[in-house]
There are 2 protein chains.
Amino acid sequence: MVSEDAAALFRVLSNSDRLDVIRALVEAGPDGMSAGDIGRKIGASPSRTSFHLNALSETGFLQKERQSRNLNYRINFKTIGALITFLMEDCCKGSSELRNCCTMR
Amino acid sequence: MVSEDAAALFRVLSNSDRLDVIRALVEAGPDGMSAGDIGRKIGASPSRTSFHLNALSETGFLQKERQSRNLNYRINFKTIGALITFLMEDCCKGSSELRNCCTMR
DNA sequence: ATCTTATTTCAAGAGCTGTTGAAATGAAAG
DNA sequence: CTTTCATTTCAACAGCTCTTGAAATAAGAT
């Protein structure tokens, strides 16, 4: 991935409302949540919520689908995964020192 | 990590010059590089380079040390590691689906 | 002391980002 | 077909970010 594309994805994650949306949707699981419920959960107005949901789904972090009156959003792990892979493999060349800094498993 | 702190770290990564600095310093290894050499490598003016180096070292992505006339910068993997851990464990609750999206090892 | 090299700091300006509240759109219910 | 509910879109605005070029600081060489 070129630096410009990775930078654009990191910019989307550089906002705490948007990180809170991701947390809420990870918790919600495969059923996802409606825009209204997400807004209520993160404590943001409808237009503010919509602004952030748009930034997230435009860049592939979320997928949306209309369900009668509601718009239902759910997480798409592929984009986050691509970003983690970019950091570890592309940017840091698979550094074992970095791997030791990630407390996983 | 709270969302605000993670967002601030992601913001630092949301610029392609800064990602290029990280790439250059990963490549340079433990000896690091001087500010001037970094600037030449990424093709940025001295003040522009300094601006980005400051953003990176202020937030712990880099460490700096004066070596006579030069300021030598080297990568600190801990901050990137903390961010990857945040994404995988904190934000995405260790999701195995996410783990499968990260092409590693 | 003065000069040169390396780097940072500063002020100005252009452009981007996020918030607000109001208006528009979309879909179902009465 | 009007009302209600859910959500997005829009315009305005404040604040932040990045770039530029010039001036300041820091350190070593002459």
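Lettering of chains follows the sequences in order, A, B, ..., and the numbering in each one begins at 1.
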Test your reading of the model: is there a side-chain donor-acceptor pair from [X] to the backbone of [Y], 3.5 Å cut-off?
X       : Y       : result
B:Ser57 : B:Gln63 : no
B:Asn76 : B:Gly60 : yes
B:Ser50 : B:Pro46 : no

Would you please confirm or rule out a distance under 4.0 Å between OP1 or OP2 of [N] and any side-chain N or O of [X]?
X       : N      : result
A:His52 : C:dT17 : no
A:Ser34 : D:dA6  : no
B:Asn15 : D:dC18 : yes
B:Tyr73 : C:dT8  : yes

For a quick check, tell me whether the side chain of [X] and the base of [N] share a donor-acceptor pair closer than 3.5 Å.
X       : N      : value
B:Ser68 : D:dG28 : no
B:Arg69 : C:dT4  : yes
B:Arg48 : C:dT8  : no

Return the CD1 to CZ distance between B:Ile84 and B:Phe77, rounded to the nearest 0.5 Å.
10.0 Å

Starting from the 5' end of DNA chain C, give me the residue, B:Asn54 or A:Ser45, whose nearest nucleotide shows up first.
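On the 5' side of the pair lies B:Asn54.
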
Which comes earlier along DNA chain C counting from the 5' end, the contact point of A:Arg11 or that of A:Arg66, where each point is its nearest nucleotide?
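By nearest-heavy-atom nucleotide position, the 5'-most residue is A:Arg11.
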
Atom pair distance, as rounded to whole Å: [atom1] in [X] and [atom2] in [N]:
X       : N      : atom1 : atom2 : answer
A:Leu56 : D:dT8  : CG    : C1'   : 16 Å
B:Gln67 : C:dT7  : CD    : P     : 11 Å
A:Leu53 : C:dG18 : CG    : C1'   : 14 Å
A:Phe51 : D:dT9  : CZ    : P     : 12 Å
A:Asn72 : C:dA27 : CG    : P     : 15 Å
B:Ile38 : C:dA6  : CD1   : P     : 14 Å
A:Leu71 : C:dT25 : CG    : P     : 16 Å
B:Asn70 : C:dT5  : CG    : C1'   : 9 Å

Which nucleotide sits closest to the side chain of A:Ala35: C:dT9, D:dT8, D:dT19?
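Closest nucleotide to the A:Ala35 side chain: D:dT8.
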
Looking at the side chain of B:Ser50, which of C:dT8, D:dG28, C:dA27 is the nearest nucleotide?
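That would be C:dT8.
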
Applying a 4.0 Å non-hydrogen cut-off, can you work out what A:Arg18 is touching in the nucleic acid: base, sugar-phosphate, or nothing?
sugar-phosphate

Select base, sugar-phosphate, or nothing to describe what A:Thr49 touches, counting heavy atoms under 4.0 Å on all strands.
nothing

Are any of the side-chain nitrogens in B:Lys64 or B:Glu58 under 4.0 Å away from the carboxylate oxygens of its partner?
no

Determine whether the side chains of B:Ser34 and B:Asn72 contain a donor N or O and an acceptor N or O closer than 3.5 Å.
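Checked: B:Ser34/B:Asn72 side chains show no N/O donor-acceptor pair below 3.5 Å.
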
